[in-house]
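From a predicted model like this one, the values you see are computed outputs, not experimental measurements. For ligands, and for the atoms within them, numbers begin at 1 and follow the listed sequence.
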Amino acid sequence: MKITELIKYLEQIAPKSFQESYDNCGLIIGDANKEISSVLIALDCTEDIINEAIQRKCDLVITHHPLVFSGLNRFSGNSYTEKTVVKAIKNDIAVYAIHTNLDNIIDGVNSKIAQKLGLQNCKILDPKTGILKKLVSFVPTQHLEKVKLSIFDAGAGQIGNYDQCSFNVDGIGTFRANEKSKPFAGEIGSIHNENETRFEVIFPNYLQSKIISALLSSHPYEEVAYDIYSLDNSHNKVGAGIIGDLSHEFTSTEFLKHLKSSLDISVIKFTPFENTIKKVAICGGAGGFLLKNAIYQKADVFVSSDFKYHDFFDANQQIMIADIGHYESEKHSIELLNELILKKFPTFAVLKTETVTNPIKYYY
Ligand SMILES: [Zn+2]
């Protein structure tokens with residue numbers, strides 16, 4: 001298999017346009033057209049992970065955290081990043097990251113954590129804006145069904161649990177063809193009126209080129225009139241964090257025990273909470289920025305990591321903060337990626353790392 005086939009599949013699930021502005025998802029080292037025989041999955045890309053890839057004969061390393069976030073200006077091997085980049089290149093190992101794009105989908109890392117905690121009715125905690133667009137086009141009415149089906153097939157018109165959503169209104173389109181044209185209807189040089197239907201559909205931004213090609217190839221006109229609008233609506237299946245319900249109410253101590261055993265955690269930092277716990281908000285990795293959303297959506301507990309000392313005061317008996325550690329919250333991305341790849345390529349050699357990359361140790 002070529003690297004590009006695997007990337008294409010992963011980015012259909014977690015499109016790169018879903019990543020945050022500071023991120024650097026995608027193929028960081030290597031040639032996308034290279035044939036690969038096995039892949040190693042890890043949370044972080046460290047020198048130890050590259051060593052493991054060499055030892056276990058993997059040509060590609062897929063990690064959640066990108067090895068490089070921004071430009072490197074020297075490769076002398078002084079920092080762990082430089083050392084890792086140099087080692088990967090010298091050993092012809094490709095490196096790929098799927099980070100905030102995987103965090104921002106409803107079936108991503110947070111969903112994996114929610115599944116382990118047994119949460120139900122899960123939805124995105126902070127739905128993302130800037131993803132949805134609207135396409136408006138004008139089609140001769142007799143050709144409308146064909147054009148719409150082609151656009152729906154390309155992925156437009158999905159709203160929640162509904163597909164093939166569109167709005168249609170009939171009207172008259174006008175045009176005058178010049179000598180160089182081959183008009184679908186009317187005479188060259190004369191103004192023509194055609195019964196057309198204006199139709200509107202929404203679509204996520206990453207499908208734009210596919211949807212425009214579907215429109216152009218199915219529309220009968222030589223020159224197709226269409227408009228694309230960016231929408232301010234949020235996408236209810238894309239965004240940060242997740243929120244869902246436990247099957248029953250837990251006391252705070254019962255919940256902490258449940259959290260510890262379900263996610264295999266050795267230590268939890270938390271703020272005491274007097275009420276029972278039923279609604280749980282989750283954000284794998286550093287999630288302090290979502291505390292207000294978790295409180296607003298009436299979560300009883302917010303499970304995340306990397307809270308600062310003063311953040312814990314903000315819990316203020318409105319919510320319990322449970323800080324389970326960055327590595328501990330995101331190590332589940334390894335299992336998630338392993339499952340995703342094997343679902344599509346069941347016979348491909350996918351190896352989960354045996355290296356613990358957590359730079360933090362606990363002393364009891
Ligand atoms: Zn992280």
Side-chain angles (χ1 to χ4, degrees), residues 10-11 13-29 40-50 52 61-70 79-81 84-85 95-117 124-126 128 238-243 259 262-269 280-291 293-294 302-308 311 321-340 352-353 355-362:
L10 289 173
E11 292 181 3
I13 298 167
K16 262 169 83 177
S17 62
F18 291 179
Q19 71 179 310
E20 299 301 329
S21 54
Y22 59 82
D23 210 353
N24 187 33
C25 301
L27 190 62
I28 294 171
I29 297 173
L40 180 68
I41 304 174
L43 174 61
D44 305 289
C45 194
T46 62
E47 203 182 357
D48 286 346
I49 293 293
I50 301 298
E52 187 182 351
V61 169
I62 296 185
T63 60
H64 186 47
H65 293 142
L67 168 57
V68 179
F69 274 95
S70 56
S79 68
Y80 99 83
T81 311
T84 311
V85 169
V95 171
Y96 175 82
I98 181 162
H99 187 213
T100 49
N101 49 338
L102 191 64
D103 289 333
N104 278 334
I105 58 169
I106 191 144
D107 295 320
V109 183
N110 298 316
S111 161
K112 191 85 214 151
I113 302 171
Q115 197 184 318
K116 286 179 183 281
L117 292 178
I124 294 283
L125 183 59
D126 184 23
K128 206 170 171 59
V238 180
I242 218 168
I243 185 163
L259 191 57
S262 317
L263 300 183
D264 184 26
I265 307 164
S266 55
V267 60
I268 301 170
K269 287 197 270 185
V280 181
I282 295 168
C283 180
F289 69 104
L290 289 174
L291 180 62
N293 301 68
F302 184 32
V303 178
S304 190
S305 75
D306 294 355
F307 290 95
K308 291 183 187 154
D311 296 338
I321 290 177
D323 186 331
I324 61 173
H326 198 123
Y327 177 86
E328 290 79 0
S329 69
E330 289 200 307
K331 65 181 177 182
H332 307 287
S333 58
I334 299 170
E335 192 183 328
L336 173 70
L337 285 165
N338 183 56
E339 285 170 9
L340 288 174
K352 290 191 276 184
T353 182
T355 309
V356 174
T357 53
N358 192 358
I360 301 164
K361 304 289 173 223
Y362 302 99

Worksheet item: Hey, is Glu335 close enough to Lys352 for a salt bridge, meaning N to O under 4.0 Å?
Response: no
Salt-bridge contact Glu330-Lys112 (side-chain N to carboxylate O under 4.0 Å): no
Sequence neighbours excluded, the answer for side-chain contact (heavy atoms from CB on, under 4.5 Å) partners of Ser111 is Asp107, Ile242
Phe302 meets the ring pair (Phe, Tyr, Trp, His ring centres under 6.0 Å) criterion, sequence neighbours left out, with Phe307
With a cut-off of 2.8 Å, strictly less than, protein N/O/S atoms near the Zn ion (ligand 1) add up to 3
message: Between Ser305 and Glu328, do the side chains contain a donor N or O and an acceptor N or O under 3.5 Å apart?
response: no
By side chain to side chain donor-acceptor pair (under 3.5 Å), Asp44 pairs with (sequence neighbours left out) His65, Thr357
